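Have a look at the structure below before the remarks.
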2 protein chains.
Amino acid sequence: MAMSGKRSPARRPTMKDIARHAGVSQSAVSFALNGRPGVSEETRDRVRRVAEELGWRPSTAARALSGEGAATVGFVLARPADTLGVDSFFLQLVSGIQEVLAERHLGLLFQVVEDIGDECAVYRRWWAEHRVDGVLVVDPRTDDPRPDLLDELGLPAVVIGGAPDERHPGLSTVWADDAGAMASVVDGLYALGHRRIVHIAGLPGLAHTERRVRTLRAEAGRRGLSEVESVSTDYSDAEGAAVTCRVLKRPAPPTALIYDNDVMAVAGAATAAELGFSVPADVSVVSWEDSALCRMVKPWLSALSRDSVAFGRTAARELTALLDGGSARAVRVPVPRLVERGSTGVARDA
Amino acid sequence: MAMSGKRSPARRPTMKDIARHAGVSQSAVSFALNGRPGVSEETRDRVRRVAEELGWRPSTAARALSGEGAATVGFVLARPADTLGVDSFFLQLVSGIQEVLAERHLGLLFQVVEDIGDECAVYRRWWAEHRVDGVLVVDPRTDDPRPDLLDELGLPAVVIGGAPDERHPGLSTVWADDAGAMASVVDGLYALGHRRIVHIAGLPGLAHTERRVRTLRAEAGRRGLSEVESVSTDYSDAEGAAVTCRVLKRPAPPTALIYDNDVMAVAGAATAAELGFSVPADVSVVSWEDSALCRMVKPWLSALSRDSVAFGRTAARELTALLDGGSARAVRVPVPRLVERGSTGVARDA
DNA sequence: ATTAGTGACTAATACGCATTAGGGCAACTG
DNA sequence: CAGTTGCCCTAATGCGTATTAGTCACTAAT
């Protein structure tokens with residue numbers, strides 16, 4: 001009567017089933033499977049075998065409910081839908097994150113939202129719904145509401161790409177030394193004779209953008225270069241091209257362009273070519289992000305290369321450490337390395 | 001004694017708290033908040049207000065445990081880590097998916113794995129762990145183990161990009177008519193005088209690859225073209241370039257190249273240029289995927305353009321319909337439209 | 001006036017797991 | 001030999017929600 005004709009989709013086995021099959025109590029099963037004392041090694045083995053046989057897996061829901069956490073970490077990407085275009089960084093980052101999370105059978109709850117306000121709302125909801133044990137935060141800003149929020153919620157978090165922040169001792173940080181990288185890039189360009197340099201920067205509010213801009217200014221000041229500047233963009237190929245066009249049409253155009261991502265670098269290089277500038281004879285191009293894209297144009301673009309997958313792995317490891325009760329740390333990953341390809345050369349007027 | 005000095009991270013309010021504040025029982029709260037009969041409108045309102053005030057959100061863990069499902073949808077991407085390079089499709093797809101899921105407060109559990117075997121293991125685990133209510137399946141294969149598995153587990157699923165499959169009436173499908181698109185592309189090229197066409201296809205096992213290959217063969221046969229073929233690749237820029245190089249070095253090189261994605265198309269166009277072939281004078285290039293990439297090379301690439309975000313939205317909607325108890329359907333999204341840009345033209349020998 | 005019915009609510013239970021509090025039983029201890 | 005300890009195990013709760021089975025007061029029908 002109760003059973004209707006519907007397909008019966010293989011009931012999930014529970015600890016009760018195991019207990020019955022093994023002839024012990026549920027508690028014994030729990031002890032056995034969680035490595036707790038209270039059962040003999042013999043029983044433990046038997047229980048394990050039965051569990052294996054039945055294909056048992058703990059219900060995360062039940063686990064979460066009895067205080068063990070949700071076995072899930074969250075990742076929010078705050079970007080207008082149309083902005084996530086050709087961008088290999090995030091997928092690679094996520095891929096690295098997964099490698100580490102998968103080892104521990106942690107799930108990754110992923111969400112794309114419009115802006116940082118929505119992102120905060122998501123954190124609040126996840127927290128209230130008991131959905132995640134911790135989160136990975138990307139694109140830290142100079143004036144960022146998220147650390148405070150996460151502190152308030154007591155949600156373990158790792159900030160990816162942010163400089164260490166002594167005001168939030170609860171948050172871990174994984175970051176690259178953009179300042180050092182920028183200094184070395186400027187160093188290299190200076191050595192090649194470049195004196196007029198334009199940095200086509202990314203979004204102005206982002207922490208790493210600010211670090212790069214500041215460092216560029218400092219380096220320029222140190223060398224007495226007045227025709228060095230940063231221009232903010234939205235990372236899109238369109239703006240990259242537009243800015244390139246604008247600066248190259250000046251009476252004294254820059255001889256070197258530093259783009260904050262690969263998309264803009266490629267678009268910029270193409271624009272330069274259209275305007276009759278030869279790369280690298282007339283203008284050198286550096287991409288602050290390496291990817292297949294940089295090898296799809298002629299000449300190949302010199303680029304700052306970093307291992308985004310490893311970056312993700314590191315971040316995920318820090319988060320798991322935090323979840324295990326470890327204390328927060330700031331981890332610096334290796335400075336991105338400049339891969340010299342065909343797009344950088346001696347300055348024309350040098 | 002019990003309370004240590006640790007920060008106390010704002011306890012989550014539960015229904016019990018609401019009940020206490022509103023002066024009713026927990027059951028009344030449950031009825032009130034879920035729109036069940038059994039409470040007066042007055043009480044319902046009061047309870048709602050209190051819940052709002054306290055910032056209450058149902059614990060997904062508890063919900064899942066009491067049979068309501070996990071309020072989560074799964075998405076597995078089976079790709080070797082190094083293969084997820086410059087690919088805008090998936091991020092856009094996911095972005096579209098999220099739009100729909102977010103409305104219903106459904107989470108998206110995301111996982112990247114190495115191969116389809118791992119993917120199946122993930123489904124099994126998610127199912128056993130009670131983690132997801134349904135999944136979105138991408139990259140359907142011609143001989144695919146996943147539909148059977150999902151049937152067996154009784155896990156609602158939507159296959160993205162697969163043709164309708166009458167053997168799995170439980171699965172919904174959202175697909176584009178590759179066959180029609182391929183036919184129209186061949187039509188267009190034929191009209192321009194092209195007789196020797198090479199299709200640089202994607203991975204051989206994929207369903208949509210096979211559909212395109214079959215259609216190309218049929219179209220060629222219908223017109224009596226003997227020098228038309230498909231070559232399988234792994235979607236990488238490297239293979240795209242390699243195949244392009246190989247076919248263009250033939251005694252009678254093709255006059256038109258159809259690439260199964262934007263990455264290969266760009267790499268191929270560059271290779272053609274290096275070999276001294278002018279695009280489109282000597283060889284026409286069509287990209288089966290439109291993105292900013294296609295507008296980063298000269299000439300801009302003609303491409304089959306589809307709205308990936310909308311595609312994702314449609315898929316997500318089908319899944320939510322399934323979760324609501326709807327029956328499976330096969331939905332066809334609009335045929336991708338060929339955007340003519342500078343890379344296609346009249347065949348040289350026409 | 002007794003009964004049936006209804007609306008508004010409370011009590012009790014289930015979900016699957018972890019954990020705490022026991023309950024026997026054997027081997028020591030004094 | 002009673003008392004203690006240690007081992008292996010079972011019984012009983014709790015987590016937060018949904019649901020089912022009552023309870024109680026009051027109205028409508030017989």
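Chain letters run A, B, ... following the sequence lines, proteins first and then strands; every chain starts at 1. These numbers come from a predicted model, not from an experiment.
Ion pairing between Asp17(A) and Arg11(A) holds under the 4.0 Å rule for side-chain N and carboxylate O. A salt bridge is absent between Arg49(B) and Glu52(B): the closest approach of a Lys/Arg side-chain nitrogen to an acidic carboxylate oxygen does not fall below 4.0 angstrom.
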Which letter, B, S or -, goes with each nucleotide of nucleotides 9-19 of chain D from 5' to 3', with contact meaning a protein heavy atom under 4.0 Å? BBBB-BBBBBB

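The end-to-end axis angle of the helix from dA1(C)-dT30(D) to dG30(C)-dC1(D), rounded to 10 degrees and based on five pairs per end, is 70°.
The shortest non-hydrogen separation linking Ala71(B) to Thr60(B) is CB-CG2, 4.4 Å. Among all heavy-atom pairs drawn from Val39(A) and Phe31(A), the shortest one is CG1-CB, 4.2 Å.
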What do the steps show when you test Val112(B) against Phe75(B) for side-chain contact (heavy atoms from CB on, under 4.5 Å), and what is the final call? CA-CA 9 Å; Val112(B) 181; Phe75(B) 184 101; over 6 Å; no

Going through the distances and angles, do Leu77(B) and Glu119(B) end up as a side-chain contact (heavy atoms from CB on, under 4.5 Å)? CA-CA 8 Å; Leu77(B) 200 49; Glu119(B) 182 174 344; over 6 Å; no

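Within the 4.5 Å cutoff, side-chain heavy atoms of Phe110(A) are placed close to those of Gln98(B).
The side chain to side chain contact (heavy atoms under 4.5 Å, CB included) search around Asp118(B) returns Val113(B), Glu114(B), Asp115(B), not counting sequence neighbours.
Separating the CD atom of Glu129(B) from the C1' atom of dC15(C) is a distance of 17 Å, rounded to the nearest angstrom. Atom CZ of Arg20(B) is separated from atom P of dT10(C) by 15 Å (rounded to the nearest Å).
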